[in-house]
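This report concerns only the one structure given below.
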Amino acid sequence: MRTQVAIIGAGPSGLLLSQLLHLAGIDCVVLERRSADYVLSRIRAGVLEQGMVDMLDKAGVSERMFKEGLPHDGVNMSVGDTRLRIDLKGLTGGKTVMVYGQTEVTKDLMDAHTARDAKVVYEAEDVTPIDFDTDTPRVTYKKDGVTHEIACDFICGCDGYHGVSRASVPQDAITEFEKVYPIGWLGILSYVKPVNHELIYANHDNGFALASMRSHTLSRYYIQVPVDTDINAWPDDAIWDELKIRLGEEAAANMETGPSIEKSIAPLRSFVAEPLRFGRLMLAGDAGHIVPPTGAKGLNLAASDIYYLSNALIEFYGEKSMAGVDAYSQKALARIWKAERFSWWMTMLLHKFPDLGAFNAKMQQTDMDYLASSHAAQVSLAENYVGLPF
Ligand code: FAS
Ligand code: PHB
């Protein structure tokens, strides 16, 4: 088989790239090792920056998002007794965020691919990028016991943190920056009405909690837990009790509880690989970077990577210019590191680390008090939360 762009991974990065390239008349194949149902079963991001909303609109998959998504003008934060609403819209000249789950984003992208009978191979085994340091890269994979080979011009590694793409790059050609936090987020999904019409991030003496949502009837909550926590140690009632403590009296009084329909623990890590391009192989999304979810940046960083990468490939095929491809890594990393910084800062502000100590606890409280007293500090948080420009 031959195609122009081979994409490894059918998560939001891979499917968004595939959709944008198709609309530009560029032929691509997507290779995904899991089933479509498995990909959809992973409950992940919930908050979309305007940049992601615009990308989904450009990709022609925004209809349901505009109908069912919840635009949010503000977000709430509390550290100890200091509570604060950050007026995102007022502080950023009108920018907002859209609450619309990653599962729905991925489903909308999958439906668009199905509608045009796009070449997406699910349950592709042993996907292997080959010769990407030449002008004639290839990808091999196995399906139903048969080995296939795809000749292409470019390979886009959209296969997440544990994917094969970054792992295929020679160790001396890549530098990895990583910070692993000794905490995880235990998340639950439950068909109960959200406790507040906007998100609440709370740093309580017991630890971090987040009240989020997917709709007016489906809530998403998280509590910080030690990274080695056994999820069976947290029955639903214990989670609801802890959320009531950590989110404060007003939230506790308004909180509707119910059975969890999903419960999982995600470890927290900051990670960046440099560069993101190796000859004809480019990394995008979680394949190239990971942020702790505290800043709601993970999925949204995939959007800016795909913005730069799709434009670079469209330029290559349209103008036979490698300028965009050559500039991809540097452009993407400039925005990635700023999102890494914001996600790290929000994580350090809002969590009770085992080795925090009295001084760092004072710094957290003082950081929050400064935020509450400074318009400039709130503008800074707001412009990062709604998303820095692409
Ligand atoms: P993904 O990991 O979503 O997709 C990669 C795809 O590649 C997967 O479908 C995988 O099966 C496939 N793949 C992997 N190896 C392969 C191989 N060898 N061959 C073929 N296919 C292969 N972000 C937020 O903003 N907010 C959150 O609350 C949040 N929570 C998260 C919770 C968890 C547990 C995780 C893991 C991530 C979370 N994220 C969150 C970040 C998340 O949303 C990612 O940023 C987003 O999924 C990035 O999308 P992709 O780059 O497409 O990577
Ligand atoms: C979510 O709704 O899953 C969510 C929202 C904001 C975050 C992280 C996760 O920062």
Side-chain angles (χ1 to χ4, degrees), residues 6-18 30-49 52 70 72 75 77 97-103 105-106 109-110 120-129 139-143 156-168 184-189 194 198-201 208 210-215 218-222 262 264-269 271 283-303 305-306 309 339 342-343 346-347 350 385 387:
I7 298 170
I8 304 177
S13 294
L15 292 178
L16 180 57
L17 177 62
S18 162
V30 183
L31 301 172
E32 166 56 53
R33 77 172 164 190
R34 299 287 190 170
S35 69
D37 287 344
Y38 182 91
V39 174
L40 286 174
S41 70
R42 297 182 307 225
I43 305 301
R44 290 186 171 172
V47 173
L48 307 185
E49 294 174 355
M52 174 55 116
L70 304 173
H72 278 204
V75 65
M77 297 173 66
V97 293
M98 174 75 84
V99 169
Y100 189 67
Q102 175 172 326
T103 302
V105 169
T106 308
L109 285 163
M110 283 181 177
V120 183
V121 181
Y122 287 98
E123 296 175 297
E125 297 168 35
D126 303 334
V127 177
T128 309
V139 180
T140 60
Y141 69 95
K142 214 181 282 178
K143 176 76 176 168
C156 295
C158 299
D159 47 350
Y161 180 73
H162 300 288
V164 65
S165 300
R166 193 180 71 249
S168 301
W185 277 20
L186 189 160
I188 62 165
L189 202 57
E198 294 173 334
L199 273 62
I200 303 173
Y201 292 80
F208 171 80
L210 169 60
S212 183
M213 65 196 78
R214 292 293 179 268
S215 71
L218 182 60
S219 293
R220 178 70 170 168
Y221 287 97
Y222 297 93
E262 192 271 351
S264 54
I265 296 177
L268 267 60
R269 154 197 338 267
F271 172 85
L283 303 179
D286 277 16
H289 45 75
I290 294 286
V291 285
T294 329
K297 293 291 151 235
L299 178 58
N300 293 301
L301 265 184
D305 289 354
I306 297 308
L309 185 52
F342 178 68
S343 304
M346 286 280 277
T347 301
L350 291 168
Y385 196 86

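First listed ligand is number 1; within each ligand, the first listed atom is number 1. Just the heavy atoms: all of them, side chains too, but no hydrogens, waters or symmetry mates, feed the values below.
When only non-hydrogen protein atoms are considered, atom 5 (C) of ligand 1 lies nearest to Cys158 O, 3.4 Å. When hydrogens are left out, the protein atom nearest atom 8 (C) of ligand 2 is Pro293 O, 3.3 Å; that is the closest non-hydrogen contact. Among all non-hydrogen protein atoms, the one lying nearest atom 8 (C) of ligand 1 is Arg42 NH2, 3.3 Å. The closest protein non-hydrogen atom to atom 44 (C) of ligand 1 is Asp286 OD2, 3.1 Å. For atom 17 (C) of ligand 1, the nearest protein heavy atom (residue, atom name, distance) is Arg33 CD, 3.9 Å. With hydrogens left out, the protein atom closest to atom 23 (N) of ligand 1 is Ala45 CB, 3.6 Å, a heavy atom. At the shortest separation from atom 3 (O) of ligand 2 among protein heavy atoms lies Tyr222 OH, 2.6 Å.
Between Tyr201 and Phe208, the ring planes lie tilted relative to each other; the angle falls in the 30° to 60° range.
Between Arg34, Arg44, Met52, it is Arg44 that holds the heavy atom closest to atom 2 (O) of ligand 1.
Contacts of Ala296 with ligand 1, taken as heavy-atom pairs under 4.0 Å, involve the backbone alone. No part of Ile43 comes within 4.0 Å of ligand 2, judged by heavy-atom distances. Under 4.0 angstrom from ligand 2, the non-hydrogen atoms of Thr294 all belong to its backbone.
Below 4.0 Å from some heavy atom of Arg44 lie the following atoms of ligand 2, by number and element: 3 (O).
At distances below 3.5 Å, not a single donor-acceptor pair connects side-chain atoms of Arg166 with backbone N or O atoms of Gly288.
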